[in-house]
Each structure stands twice: as structure tokens, then as C-alpha cells.
Amino acid sequence: MQGRLSVWLIKHGLVHRSLGFDYQGIETLQIKPEDWHSIAVILYVYGYNYLRSQCAYDVAPGGLLASVYHLTRIEYGIDQPEEVCIKVFAPRRNPRIPSVFWIWKSADFQERESYDMLGISYDNHPRLKRILMPESWIGWPLRKDYIAPNFYEIQDAH
């Protein structure tokens, strides 16, 4: 079943895949990484002016990585804003997704956290570097195939 936004995207020849609706009735769409930046600009112009959250997850050990965007269309006088969830999947070997920092500034720290924890590179992000882990940390701690180091330096543990 396709939602309102999916029908609108099809009408305008924009490639995507409908993933249905979540438990709250929010439409979920899959966008290819190479199409994401242009579709993000179109969604902003269409009225999705607020990036509520961005997160990422490891789909399966050795599988794809996903970057998830929750967008909201905020308009004056509307009590129930329209929302959409966008999923962009990237290959584990070289996960690259265009950054949406220049569209929604709130993506800044969120994309950095996804990079830090899962190793997804967000192209054209102005400050893509680790935000939670030390710069010297090796690996991506939230990947399902991550092997934790067998040492932990505990400072001031008394």
C-alpha cells in the first residue's frame, strides 16, 4: 500500500520504494544513496522543513547499513503535522551516503554519531569526525560484527 508522499513522488518521476507504514501510521520510504540528496532537497521544498531525528543501524552481520531520517512537515495552524520516515541503505564495505547537513542543519551531530558508531561516511558533511569515541578508536562499535578489544583502560575507577 502506498501513502500520499509515495504517490506524489511517483507522479513526479522520483525513484523510491514504499516500505509501507509503521505502527503509528507513518509512511516509510526507501531511497537509493545516489538519489538521496536530490530527493531530500525536493522534500524540503515540498514542505518537510524539520528533521526530527536521524539514526543508523546495522541490518545484519555482514549485510547492509541503514541511515534513517524522520522528517516532519510543520505548518502554521496544523495540529497534526505530516511525517515521513526515509531509509537509505548502504553497502557495508564502503558505506557512503550524501549528507543532508546543508538542507537540515540538525543533521550535524546526528550524522557524526552514525559515522562514529557504524562508519557510514556522509559525503559533503563539513565536520565528519568522531563525536563519542576517541579519535584513536579503531572500528565501529555498533556494527554487529564488531569485536570489542580485550582491554579497557579504566581511569579513576576507585
Side-chain angles (χ1 to χ4, degrees), residues 5 9 14-24 26-74 81-158:
L5 182 60
L9 290 171
L14 299 167
V15 179
H16 70 286
R17 180 175 167 224
S18 178
L19 299 176
F21 298 86
D22 71 5
Y23 71 98
Q24 294 177 314
I26 296 172
E27 186 175 10
T28 304
L29 304 175
Q30 178 183 341
I31 308 290
K32 292 180 182 177
E34 59 269 20
D35 298 330
W36 173 226
H37 188 264
S38 58
I39 290 180
V41 170
I42 290 166
L43 291 175
Y44 183 83
V45 171
Y46 184 69
Y48 287 95
N49 52 5
Y50 180 61
L51 173 65
R52 190 165 42 107
S53 70
Q54 183 277 331
C55 63
Y57 66 94
D58 189 347
V59 177
L64 297 171
L65 301 175
S67 187
V68 183
Y69 302 83
H70 296 272
L71 305 174
T72 305
R73 188 177 184 174
I74 297 176
E82 189 177 327
E83 297 180 43
V84 68
C85 175
I86 305 291
K87 293 187 178 187
V88 182
F89 295 96
R92 170 180 237 82
R93 178 164 276 173
N94 185 22
R96 301 188 76 80
I97 295 173
S99 174
V100 293
F101 170 82
W102 300 106
I103 303 166
W104 298 285
K105 298 290 192 235
S106 59
D108 186 10
F109 284 17
Q110 296 175 64
E111 287 181 342
R112 285 181 59 192
E113 182 180 354
S114 295
Y115 166 74
D116 194 7
M117 296 288 105
L118 292 156
I120 299 171
S121 288
Y122 292 91
D123 296 337
N124 297 318
H125 190 286
R127 292 175 292 280
L128 192 62
K129 61 181 186 174
R130 290 195 181 269
I131 192 169
L132 300 172
M133 304 301 288
E135 285 291 329
S136 60
W137 195 266
I138 298 171
W140 315 109
L142 290 184
R143 286 193 182 188
K144 292 182 179 177
D145 55 2
Y146 177 72
I147 299 171
N150 59 1
F151 68 90
Y152 289 99
E153 182 177 328
I154 301 175
Q155 298 176 351
D156 301 324
H158 35 10

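- No hydrogens or angles considered: a donor-acceptor pair under 3.5 Å links the side chains of Q54 and S67.
- The shortest distance between side-chain heavy atoms of K87 and Y57 falls below 4.5 Å.
- Within a 6.0 Å radius of NZ in K105, other residues, nucleotides and ligands contribute more than 12 heavy atoms.
- By the 4.5 Å heavy-atom criterion applied to side chains, I97 and D123 are not counted as neighbours.
- To the nearest 0.5 Å, atom NE2 of residue H70 and atom SG of residue C55 are 5.0 Å apart.
- Annotation: side chain of R143 is in contact with side chain of L65 (closest heavy-atom distance under 4.5 Å).
- With values rounded to the nearest 0.5 angstrom, M117 atom CE is found 6.5 Å from R130 atom CZ.
- Enclosure of atom CZ in F109 is not indicated, since only 12 or fewer non-hydrogen atoms of other residues, nucleotides or ligands lie within 6.0 angstrom.
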Would you give me the side-chain donor-acceptor pairs under 3.5 Å for residues 35-42, sequence neighbours excluded?
unit_1: S38; atom_1: OG; unit_2: D35; atom_2: O; d: 3.1

Show me, pair by pair, the donor-acceptor contacts under 3.5 angstrom made by side chains of residues 26-34, not counting sequence neighbours?
unit_1: E27; atom_1: OE1; unit_2: L5; atom_2: N; d: 3.2
unit_1: E27; atom_1: OE2; unit_2: G3; atom_2: N; d: 3.2
unit_1: E27; atom_1: OE2; unit_2: S6; atom_2: N; d: 3.0
unit_1: Q30; atom_1: OE1; unit_2: R17; atom_2: NH1; d: 3.0

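- Partners of P61 according to the side-chain contact (heavy atoms from CB on, under 4.5 Å) rule, which considers only residues two or more places apart in sequence or in another chain, are K144.
- Evaluation of the salt bridge (charged side-chain N to carboxylate O under 4.0 Å, His left out) rule for D22 yields no partner, not counting sequence neighbours.
- Every side chain to side chain donor-acceptor pair (under 3.5 Å) that E82 has, sequence neighbours left out, goes to R4, Y48.
- Between V59 and A66, the shortest heavy-atom contact is CG2-CB, 4.2 Å.
- A distance of 8.0 Å separates CG of L9 from OH of Y46, quoted to the nearest 0.5 Å.
- Counting only heavy atoms from C-beta outward, the side chains of N124 and P98 never approach each other to under 4.5 Å.
- Looking at residues two or more places apart in sequence or on another chain, you find a side-chain contact (heavy atoms from CB on, under 4.5 Å) between T72 and Y50, R52, I74, P81, E83.
- In this structure R92 satisfies the salt bridge (charged side-chain N to carboxylate O under 4.0 Å, His left out) test together with D58, D145, sequence neighbours excluded.
- With sequence neighbours left out, H125 forms a side-chain contact (heavy atoms from CB on, under 4.5 Å) with S99, F101, D108, E111, R112, Y122, R127, L128.
- Listed by first then second residue, pairs satisfying salt bridge (charged side-chain N to carboxylate O under 4.0 Å, His left out) with a partner in residues 131-142 number zero, not counting sequence neighbours.
- Taken to the nearest 0.5 Å, the CG atom of N94 stands 5.5 Å off from the CZ atom of R96.
- In this structure, W104 and L71 have side chains that are in contact, with non-hydrogen atoms separated by less than 4.5 Å.
- For N49, there are no side chain to side chain donor-acceptor pair (under 3.5 Å) partners two or more places apart in sequence or in a different chain.
- The ring-ring contact (aromatic ring centres under 6.0 Å, His included) check on F89 picks up nothing, with sequence neighbours excluded.
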